Amino acid sequence: MSKNNNMQLIAGNSNRALAEAISAYLSVPLTKASIRRFSDMEVFAEILENVRGMDTFVIQSTSYPANDNLMELLITIDALRRGSARRITAVIPYFGYARQDRKTGGRTPISAKLVANLITAAGADRVLTLELHAGQIQGFFDIPVDNLNIAPVFLPELTKRFKDEQLVLVSPDVGGAVRARGMAKRINADIAIIDKRREKAGVSEVMNVIGDVDGKVCIMVDDIVDSGGTLCNAASALKAKGAKEVHSYVVHGVLSGGAVARISSSEIERMVISDSIAATEAVRVSETIEQLSVAPLIGEAIKRISEERSISALFK
Ligand code: R5P
């Protein structure tokens, strides 16, 4: 049981199973709330227990349907603020819109910044999230942001499963090299990076594998798998360079469209994702995709925030 009796956990509808698992980890029941739609699909949130003076945590991933889930988060925060909660932490295991973190052309938005402004304006005092697409997104907020690292969830399973193998951790693109290097360092593994290049417009991309993967078990690490294109193509490039097996560990399984089928018929032997996003039926029945729960990690972080203890100590 948490020492902090003022802690209250409020679950949005995006990932009820994860919220329940966090509640079980903390031995703190979910606060009764009704977050529902009016007939015209407007979102309405009603917190059915007193929250005055409480340390409240709203658990809501802004995953598909991103706009509905974001509105639920904002409106629930507003309800808590107007209900005089002492502190409101937005717990966002998957932070949607994170890939829109810069202008990609003239007259385009930086939607991740807009979303950060909305969360702050709604009344959040702090944010707890997991493996932001880009660490700099923390700076889009002027309130404290704790951005958890997935290593304590993925690495114990990885090292146990492959204890007799010579592993290479692979970033499927140059942008993910820091993440792959960080994980490789912790388990003393080599790294490789896939450098995608399109020499000329209209000519298909060439995948250059930087690093030695011949005869080795490759573990691709990434923050997001969406269409699966990045990882499936990277897996083919690794196999072409002689990789013995290709596995993948990805934090956020967005898995839109036909991603699950694409992954199942690819060179990827096995893909591990976290439960930051609720599993669809296709994920649940997939023989290639497995989920590892981040509930203990997020639960522990919530506990530490509530008790004003260090979170970085979790990653030492
Ligand atoms: C890109 O920068 C991200 O880290 C992922 O690699 C990307 O979002 C994956 O998308 P997809 O699965 O559609 O290739």
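Start at 1 with the first residue, then count along the sequence. Read the numbers this way: they start at 1 and go in the same order the structure lists the ligands and their atoms. Remember, it's a predicted structure, so these values are computed and weren't measured experimentally.
Between Ile302 and Tyr25, every side-chain heavy-atom pair lies at or beyond the 4.5 Å cut-off.
Not less than 6.0 angstrom separates the ring centroid of His252 from the ring centroid of Phe95.
Nearest non-hydrogen protein atom to atom 7 (C) of ligand 1 is Ile224 O, 3.9 Å. Summary of contacts: the protein heavy atom closest to atom 1 (C) of ligand 1 is His133 CE1, 3.7 Å.
In Asp226, the parts holding a heavy atom less than 4.0 Å from any atom of ligand 1 are both the side chain and the backbone. Contact annotation: for Val254 versus ligand 1, there are no heavy atoms closer than 4.0 Å.
Counting heavy atoms only, Ser227 comes closest to atom 13 (O) of ligand 1 of the residues Pro172, Ser227, Gly229.
Here the closest non-hydrogen pair linking Arg81 and Gly123 is CD-CA, 3.7 Å. For the residue pair Asp125 and Ile143, the shortest heavy atom distance occurs at O-CB, 3.4 Å.
Atom numbering of ligand 1 starts at 1 in the shown order; those under 4.0 Å from a heavy atom of Val225 are 12 (O). Residue Thr230 approaches ligand 1 through these ligand atoms, each under 4.0 Å from one of its heavy atoms: 6 (O), 9 (C), 10 (O), 11 (P), 14 (O).
In the displayed structure, Glu287 atom CD is contacted under 6.0 Å by at most 12 heavy atoms of other residues, nucleotides or ligands.
With Thr62 contributing its side chain and Gly96 its backbone, the two residues share a donor-acceptor pair below 3.5 Å.
In terms of N/O distances under 3.5 Å, ligand 1 is approached by Gly228.
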